[in-house]
Amino acid sequence: MKRLDPLVKAYGRRFKREYAEFFKEIGKHDRIIVFRHIKPDFDALGTQMGLVEFLKANFPEKEIHYVGDDHVTFCPRIFPNAERLGEEAFEKPFMAVIVDVGDHSRIADPRYTKADYVFKFDHHPFNAEVAKCSVLDRSAAAASEIVADCLLHFPHTTIGKEAAKYLYIGIVGDSGRFMYSSTTPHTFAVASALINTGIDINAIYQNMYQKKIEDLKVTAYVLSNFKVSPHGVAYYLLPQDIQDKFEITSERGKENVNVFSNIEGINAWCSITEDPNPKDYCWRVSIRSKKADISGIANKWGGGGHAQASGARIDDIKDLDRFIKDLDDLFA
Ligand code: AMP
């Protein structure tokens, strides 16, 4: 029997049936493909790669794959680029494991539907079920927290350093370095078990938050051009011409959003970056908040997410003032 922290044990009791089904199905399938959400972040990538490394280390006889679109700076610096699997990989029988995403439209590769069995781990709001069995905990700080808990319970296996590193990155990323209110004693219990594998957390933080000198120029632009609404919503816009000037994409533009995180009088903050993709033109919004739940506003504006970290979109920039007012009203 594994020695587990009481909080981890209690969490496992809550999902006893789902964990048992997951262990049984992993045992039954020789081929497993792990899926993540589009526009992946630390948690999507960390959960996926943590699970992949765990399965590869503990079940070397199985074929394990991972798919999705890559992150412009995290891949391949922190996570390997995803595999580019051809159609034939999805014609043979396989089990799909979907992590950190609940909606069909946000799963980065729709071919999970070809699996003969689908399992899901998630902490996003529930819409339509995409899996045969799910572990869904909306209150978890990160999908990595849930998956790490499940793997700690997996009989006759161990979480190695490589898997632990990725899962730890996922937890740190989605808990805002253990600062969001979604962080609980259970989050720390799982993080502690991962650190106990011997991972080098200093090296992990250095790699996660590494920037280039040129990135500071974008930060300087943001700090010179942001606005603040009457009740403390800070926001900055990065139109296409500015992104071109700094040679960044809209995905990279949001990386400055947290420069407003500890400023007195600022309750919520957003990056608003133009995405010129002709198939899906919009301004992509990343919203963060100190305390208030901003996920409802994100939902209203074509997105979703969590209480203190959500994503949304503005299709026509003429609606910017309406969007900011919606957020501002939360603090009126
Ligand atoms: P972002 O600002 O893109 O980093 O997103 C912050 C958080 O909100 C992440 O956990 C995303 O997974 C989540 N999120 C972003 N967009 C959506 C969406 N359209 N639906 C559900 N969750 C989202």
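Count residues from 1 along the sequence.
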For a quick test of your reading: what N or O donor-acceptor pairs under 3.5 Å do the side chains of residues 299-307 make, sequence neighbours left out?
{"unit_1": "Asn299", "atom_1": "ND2", "unit_2": "Ser295", "atom_2": "O", "d": "3.4"}
{"unit_1": "Lys300", "atom_1": "NZ", "unit_2": "Asp326", "atom_2": "OD1", "d": "3.4"}
{"unit_1": "Lys300", "atom_1": "NZ", "unit_2": "Asp326", "atom_2": "OD2", "d": "2.8"}
{"unit_1": "Trp301", "atom_1": "NE1", "unit_2": "Asp326", "atom_2": "OD2", "d": "2.8"}
{"unit_1": "His306", "atom_1": "NE2", "unit_2": "His124", "atom_2": "NE2", "d": "3.3"}

- Message: Do Leu85 and Asp109 make a side-chain contact, defined as non-hydrogen atoms from C-beta onward lying under 4.5 Å apart?
- Response: no
- Query: After noting the C-alpha distance and the side-chain angles of Thr157 and Asn58, does the key distance pass the side-chain hydrogen bond (donor to acceptor under 3.5 Å, both in side chains) rule?
  - Reply: CA-CA 6 Å; Thr157 62; Asn58 287 283; 4.6 Å; no
Distance-only donor-acceptor hits, side chain of residues 261-268, under 3.5 Å, sequence neighbours excluded:
{"unit_1": "Ser261", "atom_1": "OG", "unit_2": "Asn258", "atom_2": "O", "d": "2.9"}
{"unit_1": "Asn267", "atom_1": "ND2", "unit_2": "His231", "atom_2": "O", "d": "2.7"}

- State whether Arg313 and Asp275 are salt-bridged, where the test is any N-O pair (Lys NZ or Arg NE/NH1/NH2 against Asp/Glu carboxylate O) under 4.0 Å. no
- Run the numbers on Val172 and Tyr205 for side-chain contact (heavy atoms from CB on, under 4.5 Å), then give the verdict. CA-CA 9 Å; Val172 170; Tyr205 290 123; 3.6 Å; yes
- Message: When you group the ILVMFWY residues by side-chain heavy-atom contacts below 4.5 Å and let the links chain together, are Val222 and Ile324 in the same group?
- Response: no
- Task: For Glu25, check salt bridge (Lys or Arg N to Asp or Glu O under 4.0 Å) against everything at least two apart and list the hits.
- Result: Lys28
- Message: Between Val101 and Phe35, is there shared hydrophobic-cluster membership here, with clusters defined by ILVMFWY side-chain heavy atoms closer than 4.5 Å?
- Response: yes
- Query: Is it the case that one hydrophobic cluster holds both Ile64 and Tyr66, taking links as side-chain heavy atoms less than 4.5 Å apart, direct or via other members?
  - Reply: yes
- Message: Other residues, nucleotides and ligands only: do more than 12 of their heavy atoms fall within 6.0 Å of NZ on Lys290?
- Response: yes
- Task: Assess whether side-chain contact (heavy atoms from CB on, under 4.5 Å) is satisfied between Leu45 and Cys75, documenting all intermediate values.
- Result: CA-CA 9 Å; Leu45 290 154; Cys75 303; 4.0 Å; yes
- Message: Quick check: closest heavy atoms across Ala163 and Phe54, and the distance to 0.1 Å?
- Response: CB-N, 3.7 Å
- Query: Which residues satisfy the salt bridge (Lys or Arg N to Asp or Glu O under 4.0 Å) test with Glu53, sequence neighbours excluded?
  - Reply: none
- The side chain to side chain donor-acceptor pair (under 3.5 Å) partners of Thr73 (sequence neighbours excluded) come to His71, Glu255
- Can you name the residues that form a side chain to side chain donor-acceptor pair (under 3.5 Å) with Ser224, not counting sequence neighbours? none
- Message: Are there over 12 heavy-atom neighbours, none belonging to Arg3, within less than 6.0 Å of that residue's CZ?
- Response: no
- Message: Just to verify, which of Tyr166, Tyr209, Phe42 counts as forming a ring-ring contact (aromatic ring centres under 6.0 Å, His included) with Phe74?
- Response: Phe42
- Task: Would you check, one step at a time, whether the test side-chain hydrogen bond (donor to acceptor under 3.5 Å, both in side chains) holds for Ser134 with Glu129?
- Result: CA-CA 9 Å; Ser134 296; Glu129 188 51 276; 3.0 Å; yes
- Which residues satisfy the side chain to side chain donor-acceptor pair (under 3.5 Å) test with Asp116, sequence neighbours excluded? His29
- Note on the structure: Correct closest heavy-atom pair for Trp269 and Val257 would be CD1-O, 2.8 Å
- Item | Pairs where residues 199-226 contributes a residue and the test salt bridge (Lys or Arg N to Asp or Glu O under 4.0 Å) is met, not counting sequence neighbours | Asp215-Arg252
- Item | Listed partners of Glu91 passing salt bridge (Lys or Arg N to Asp or Glu O under 4.0 Å), at least two apart | Lys114
- Do Asp100 and Arg106 sit within salt-bridge range, that is, some charged N less than 4.0 Å from a carboxylate O? no
- Message: What I'd like to find out is whether the side chain of Glu21 reaches to under 4.5 Å of the side chain of Tyr117, using heavy atoms alone.
- Response: yes
- Message: Test: ring-ring contact (aromatic ring centres under 6.0 Å, His included). Region: residues 127-147. Which pairs qualify, not counting sequence neighbours?
- Response: none
- Task: State whether the number of non-hydrogen atoms from other residues, nucleotides or ligands found under 6.0 Å of Arg177 atom CZ is greater than 12.
- Result: no
- Residue list, side chain to side chain donor-acceptor pair (under 3.5 Å) with His186, at least two apart or on another chain: Glu145, Asp149
- Begin with the C-alpha distance, continue with both residues' side-chain angles, and end with the deciding distance and a verdict on side-chain contact (heavy atoms from CB on, under 4.5 Å) for Phe79 and Asp70. CA-CA 9 Å; Phe79 307 97; Asp70 293 325; over 6 Å; no
- Could you verify whether a donor N or O on one side chain and an acceptor N or O on the other, from Ser181 and Gln308, lie under 3.5 Å apart? yes
- Query: Of all residues at least two apart in sequence or in a different chain, which pass the salt bridge (Lys or Arg N to Asp or Glu O under 4.0 Å) check with Lys325?
  - Reply: Asp329
- Any Lys/Arg nitrogen of Glu87 or Arg111 sitting under 4.0 Å from an Asp/Glu carboxylate oxygen of the other? yes
